[in-house]
Amino acid sequence: MSYTAEVLRNAIEKSPNEPEFHQAMTEVLPTLQPYLDRHPKYERAGILERLVEPERTIIFRIPWMDDAGKVCVNRGYRVQFSSAIGPYKGGLRFHPSVSLSIIKFLGFEQIFKNSLTGLPIGGGKGGSDFDPKGKSDREVMAFCQSFVNELHRYVGGNADVPAGDIGVGAREIGYMYGQYKRLTGLCDGPLTGKGISYGGSLVRTEATGYGLVYLTEKMLESLHTSFEGKQLSISGSGNVAIYAAEKAIQLGAKVVTMSDSNGFIHAPDGIDVNIVKTIKEEKRGRICEYLEYAKNAEYHDGGLIWSVPCDVALPCATQNELDAIGARALIDNGCIAVAEGSNMSTTIDAVDMLQHSGVFYAPGKASNAGGVAVSALEMAQNSARRYWSFRRVDESLQKIMHSIYTNISEIAERFGAEGNLVAGASIAGFRKVADAMLQQGVV
Ligand code: NDP
Ligand code: 2IT
């Protein structure tokens, strides 16, 4: 049995009830084998065995009181996966589906993603099974404060720097920052995605979506085409989806779908992203409300978003949202590229189908790295006590996304997997972390 297969088998046996974590490891580990064959020093140092075991896992109780005076209890997580190349860095997810398996898969992905940005940030992830949907601002604040009453012991600007993810945006980051400061008395940049008035970075709101489009732009360039005139199918209507749509439209594409967990809208003449911003960012409403503002659209309650014909698909909602049935529909309708905005958007069989059918596919750890990259730029600005201009941050983001693309395609080619960005991203992300681990001894 190969080294990677053995480590994978043992890791799965050790944590048997964590299917999403198994999936994330199954996507990465086998692609590393050619690299590990050439460099036996990593196996000798047990690098993979160490990498699949988080440095620290924190699970805690979060009691809070709702508006009716009832005491509610949620479960909180922070998985500090790897600090080999810098402080733990990764978002917090508030969603009822959150489990240890979900947080471990996200934290594992984050190690490789953060390494790909070229910036000194380790991997971590956290969150809670709290559902912010339908809660009042006061309830969200009470929850966030209680969450930080425990979390503050483990985070800090040089130790672990959380940020947003599903269900965690500017409002939640603000409440968590306020409570962190109150408990510790420190303004050491313990979170990113902060408001601009208290240390946030310009472009952080747009970063993941814009970055996704910047990387996809390079994919299209290598196919000798561009966004101009392309039909785009985007899923989700949250932070990542909105700013992916905005940038793609600026580059001449037409976005024909967006969705939420209830259903999707299809607008053959193109979606007006400003309407989606009003519904989602201002009113915290549902995507079906789009029809109240625009006539040229239909709403599908449930249904398969990927059955709408498109040239490029950008899944931007959640894990495993693009499965074999979705992949079949995209392939049959002539889609040429899929780039993940959400983490692990695509099931393993769907990735295989896309790749075997010649659909150019980018895994999230490369294509959605723009968010965390700008988070690291926010950390740099906080340390320097400076603010950079929108243009400066946006240009840095573009440069980072373009170099991620160049780096992972070159590495894929060097290891006999030309055009396989999954292999390229895994090997490129792994190399830097593994070398840092070798240099730091057995820790
Ligand atoms: P938001 O909370 O802003 O938006 C999430 C969107 O996805 C909503 O439209 C939501 O619909 C939909 N969604 C969430 N869960 C499900 C589900 N189980 N089934 C169907 N739809 C669902 O989150 P983000 O936009 O920040 O995150 C989207 C994805 O991008 C996630 O996978 C996240 O990990 C990833 N990501 C985010 C980054 C960031 O900087 N924010 C950075 C890199 C990756 P509904 O409102 O109905 O729940
Ligand atoms: O998945 C991700 O990369 C994020 N949710 C963003 C993490 C961050 O620290 O900005």
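For ligands, and for the atoms within them, numbers begin at 1 and follow the listed sequence. We number each residue from 1, following the sequence as shown. Excluded from the calculations below are hydrogen atoms, water molecules and symmetry mates; all remaining heavy atoms, backbone and side chain alike, are included. Everything numeric in this text was worked out from a predicted model, so none of it was measured.
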With the threshold set at 4.0 Å, does a side-chain nitrogen-carboxylate oxygen contact exist between K365 and E109? yes
Nearest protein heavy-atom contact for atom 4 (C) of ligand 2: which residue, which atom, what distance? K125 NZ, 3.7 Å
Nearest non-hydrogen contact to atom 44 (C) of ligand 1 from the set V374, N368, V372 belongs to N368
Has Q110 got any heavy atom lying under 4.0 angstrom from an atom of ligand 2? yes
Nearest-contact summary for atom 9 (O) of ligand 2 - protein heavy atom, Å: K89 NZ, 2.6 Å
Which word best sums up how the rings of H266 and H300 line up, parallel for under 30°, tilted for 30 to 60°, or perpendicular for over 60°? tilted
Can you classify the ring geometry of F108 versus F21 as parallel (below 30°), tilted (30 to 60°) or perpendicular (above 60°)? perpendicular
Does the distance from a Lys or Arg side-chain N to an Asp or Glu carboxylate O, for K135 and D67, drop under 4.0 Å? no
Within the structure, does D260 bring an N/O atom to less than 3.5 angstrom of an N/O atom in ligand 1? no
What I want to know is whether G167 and ligand 1 share at least one N or O pair that is separated by under 3.5 angstrom. yes
Of I166, N343, D131, which has the heavy atom at the shortest distance from atom 5 (C) of ligand 1? I166
Atom 10 (O) of ligand 2: the protein heavy-atom neighbour that sits closest, reported with distance to 0.1 Å: S375 OG, 2.5 Å
Of the choices I102, T208, N320, which has the non-hydrogen atom that lies closest to atom 40 (O) of ligand 1? T208
Closest protein heavy atom (residue, atom, distance) for atom 6 (C) of ligand 2: R204 NH2, 3.5 Å
Is there any N or O on R286 that sits under 3.5 Å from an N or O of ligand 1? yes
Considering only NZ, NE, NH1 and NH2 on the basic side and carboxylate oxygens on the acidic side, decide whether E150 and R61 come within less than 4.0 Å. no
Taking only non-hydrogen atoms of K113 and a 4.0 Å limit, the atoms of ligand 2 in range are 1 (O), 2 (C), 3 (O)
How about atom 10 (C) of ligand 1: does it have a protein heavy atom within less than 4.0 Å? no
Could you check which of G91, G236, S261 puts a non-hydrogen atom nearest to atom 21 (N) of ligand 1? S261
Within ligand 2, which atoms have a heavy atom of G91 less than 4.0 Å away? 7 (C)
